[in-house]
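Take a look at the structure below.
From a predicted model like this one, the values you see are computed outputs, not experimental measurements. Values below: all heavy atoms of this structure, side chains included; hydrogens, waters and symmetry mates excluded.
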Amino acid sequence: LLLSISESSVTCPQNFAQGSTTVGMIVSIKFMNYSRFHTHLYCFHTAFMINCLYKLIKNHGAETRMEKLQNTKEPSRDPERMKIPALEAMKECMKYAPVEKITVKEIVEVCGTTRQTFYRNFQDKYDLINWYFDKILLKSFEYMGKSETIYEGLVNKFYYIQQENRFFRTAFKNDDQNCLRDHDFHLILQFYTDQIEQDGEKISEHLRFLLEMYCQGSIYMTVQRVLGKLKGTPEEIARSLVDAMPLKLMEVFKVLNLL
């Protein structure tokens, strides 16, 4: 049994689309009159060589795929950046329909993504709205207690909301579960509670009652402002909200340098 191996240029299936070529092996085996022992020996050698050739071709394909993966830069996975298209799509949908009528299907169609991508970033459409409001609120009160007071934070908040009036007017009109009104209340209540408890002392039941009442009133007046039922500049509305604060709560905030 004689074994001869020759190399020729043949099209590789993995690279067919690119029209590229790779080295293929053509194995030709010629039988001759050898003893059974030699026949078995050469058959073993032949099988061994064919196995080696198979591994060579297989490894070449694997290396080619690995090179492609290494040369391909992974796209940015910045969660904030990936949420912006959904937000812009939601704003577009709000021009034509109330929140309760807008579906996730419509949102993903407008922004050109998939439902899977949307649900990787948000629980539902209300979570998208609340996420954006969180950004507004955190940006408004970023320096509270450092270089700014509650009054200045409220002024910032009303200016930010004014810039996105259509978005928040549509959002605040909705009364469904997880609506922005409830989210705003719990977010601000927790924010003020954290400020009061920053020294480790738990807020009293009476002070919490006053705080909850004040936050509810503050949210109501915010909604009235967004819906156009409350007139005035952001500065005027912020001053009125500070003046409406319960005396006991005002004293606590003054000690914390928040007023």
Side-chain angles (χ1 to χ4, degrees), residues 80 83 87 90 99-100 122-165 167-227 229-230 232 234-259:
E80 292 293 297
K83 291 179 178 181
L87 171 64
M90 185 64 167
V99 175
E100 59 269 21
F122 305 104
Q123 295 179 8
D124 51 33
K125 60 185 177 183
Y126 302 109
D127 190 36
L128 165 57
I129 295 172
N130 294 341
W131 164 76
Y132 187 47
F133 187 79
D134 289 355
K135 288 177 64 68
I136 295 293
L137 195 68
L138 292 175
K139 191 174 181 179
S140 301
F141 294 100
E142 183 178 4
Y143 300 105
M144 183 179 292
K146 300 174 184 177
S147 59
E148 293 185 354
T149 63
I150 291 177
Y151 165 76
E152 291 166 316
L154 288 171
V155 171
N156 292 336
K157 173 184 174 182
F158 283 114
Y159 269 116
Y160 287 134
I161 291 178
Q162 185 172 285
Q163 292 171 7
E164 296 283 3
N165 189 259
F167 179 87
F168 287 109
R169 186 172 66 248
T170 306
F172 275 120
K173 282 182 179 179
N174 177 64
D175 290 321
D176 286 354
Q177 186 178 8
N178 300 324
C179 69
L180 184 56
R181 298 187 193 197
D182 291 340
H183 180 77
D184 189 8
F185 167 71
H186 291 293
L187 189 67
I188 293 179
L189 176 64
Q190 188 59 52
F191 179 81
Y192 284 142
T193 300
D194 290 342
Q195 295 295 317
I196 295 172
E197 295 180 342
Q198 60 181 301
D199 293 330
E201 186 176 348
K202 199 75 173 176
I203 186 173
S204 68
E205 289 297 322
H206 178 62
L207 192 60
R208 183 173 182 83
F209 173 84
L210 296 177
L211 182 60
E212 286 190 21
M213 184 179 68
Y214 174 71
C215 288
Q216 287 284 12
S218 178
I219 299 305
Y220 175 79
M221 300 310 295
T222 298
V223 173
Q224 296 304 299
R225 165 63 176 173
V226 173
L227 298 181
K229 298 178 181 180
L230 178 63
E235 289 83 2
E236 291 171 342
I237 298 172
R239 175 53 58 195
S240 296
L241 287 176
V242 171
D243 290 344
M245 191 177 294
L247 181 59
K248 181 65 176 179
L249 190 60
M250 187 179 293
E251 292 174 352
V252 172
F253 282 146
K254 282 182 178 179
V255 171
L256 296 173
N257 295 318
L258 296 177
L259 289 177

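In terms of heavy-atom proximity, Ala171 sits nearest to Val99 at CA-CG2, 4.0 Å. Nearest heavy atom pair, residue Met250 against residue Val242, reads CE-O, 3.4 Å. Nearest approach of Tyr132 to Glu164, heavy atoms of both residues: OH-OE2, 2.9 Å. Nearest heavy-atom pair, Thr149 versus Leu258, reported as atom, atom and distance to 0.1 Å: CB-O, 3.3 Å. When every heavy atom of Lys254 is checked against every heavy atom of Leu259, the shortest pair comes out as CG-CB, 3.9 Å. Across Asp134 and His183, no two heavy atoms sit closer than the pair OD1-NE2, 2.5 Å.
Using a 3.5 Å distance cut-off with no hydrogens or angles, the side chains of Gln190 and Asp194 do pair a donor with an acceptor.
A search for side-chain hydrogen bond (donor to acceptor under 3.5 Å, both in side chains) contacts involving Arg169 returns Asn165, not counting sequence neighbours.
Judged by distance alone, with hydrogens and angles left aside, the side-chain atoms of Thr193 form a donor-acceptor pair with the main-chain N or O of Leu189 at under 3.5 Å.
More than 12 heavy-atom neighbours from other residues, nucleotides or ligands sit within 6.0 angstrom of CD on Gln198.
Judged by the 6.0 Å distance and 45° axis criteria, Arg239 is positioned over the aromatic ring of Tyr151.
Relative orientation of the Tyr192 and Phe253 rings is tilted, given thresholds of 30° and 60° on the angle between their planes.
When Asn130, Ile129, Leu128 are each tested for a side-chain contact (heavy atoms from CB on, under 4.5 Å) with Phe122, only one passes: Leu128. Between Phe158 and the choices Glu236, Glu235, Arg225, the side-chain contact (heavy atoms from CB on, under 4.5 Å) rule is met once, by Arg225.
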